[in-house]
Amino acid sequence: MQTLQLQLKNNLYHGLLQILSTFPKGDYKIIKTPNKTTNTKNINDYYGKIDSFKNIDDPVEWQKKIRAEWDRDWDK
């Protein structure tokens, strides 16, 4: 026997299975491998969905307040 690997679109996959089913059963063996999916999300996929900062009215003032924690007089 020989091995042939194919990557098919879903609509072709089912048609090929039908064609293979016309051959004698012992002449072929179908070995299914799981699809390898990659995480192709990027930051734009989350636009409008992240509401972590929705309660901040003035971002500049909020940032100044956060940075004020670093302005302590520890070294004096």
Side-chain angles (χ1 to χ4, degrees):
M1 282 190 125
Q2 294 185 13
T3 301
L4 173 67
Q5 291 183 326
L6 301 171
Q7 289 183 338
L8 303 169
K9 291 184 178 181
N10 289 339
N11 60 341
L12 296 177
Y13 176 78
H14 296 293
L16 183 61
L17 286 180
Q18 288 178 343
I19 294 170
L20 287 175
S21 67
T22 63
F23 296 127
K25 294 288 183 193
D27 289 351
Y28 68 93
K29 179 180 180 182
I30 297 174
I31 303 169
K32 294 182 182 181
T33 57
N35 291 339
K36 295 179 182 176
T37 58
T38 57
N39 189 359
T40 58
K41 289 190 178 271
N42 63 35
I43 191 68
N44 294 327
D45 295 335
Y46 298 100
Y47 178 76
K49 297 178 184 176
I50 300 174
D51 54 357
S52 299
F53 303 109
K54 69 179 180 179
N55 295 330
I56 299 172
D57 296 326
D58 184 1
V60 175
E61 190 61 36
W62 174 79
Q63 190 176 37
K64 286 180 182 178
K65 181 180 175 185
I66 295 297
R67 290 183 178 178
E69 295 178 1
W70 302 336
D71 294 336
R72 296 183 182 158
D73 296 328
W74 288 346
D75 57 346
K76 294 180 183 178

Minimum heavy-atom distance Lys29-Met1, with the two atoms named: N-CE, 4.3 Å

Approximate separation, where rounding is to 0.5 Å, of His14 NE2 and Leu17 CG: 7.5 Å

Trp62 side, atom CH2; Ile56 side, atom CD1 - distance, nearest 0.5 Å: 4.5 Å

Spacing of Gln5 atom CD and Ile31 atom CD1 [to the nearest 0.5 Å]: 9.0 Å

Evaluation steps, side chain to side chain contact (heavy atoms under 4.5 Å, CB included), between Leu20 and Phe23: CA-CA 6 Å; Leu20 287 175; Phe23 296 127; 3.9 Å; yes

Distance, nearest 0.5 Å, that separates NZ of Lys65 from CG of Asp58: 12.0 Å

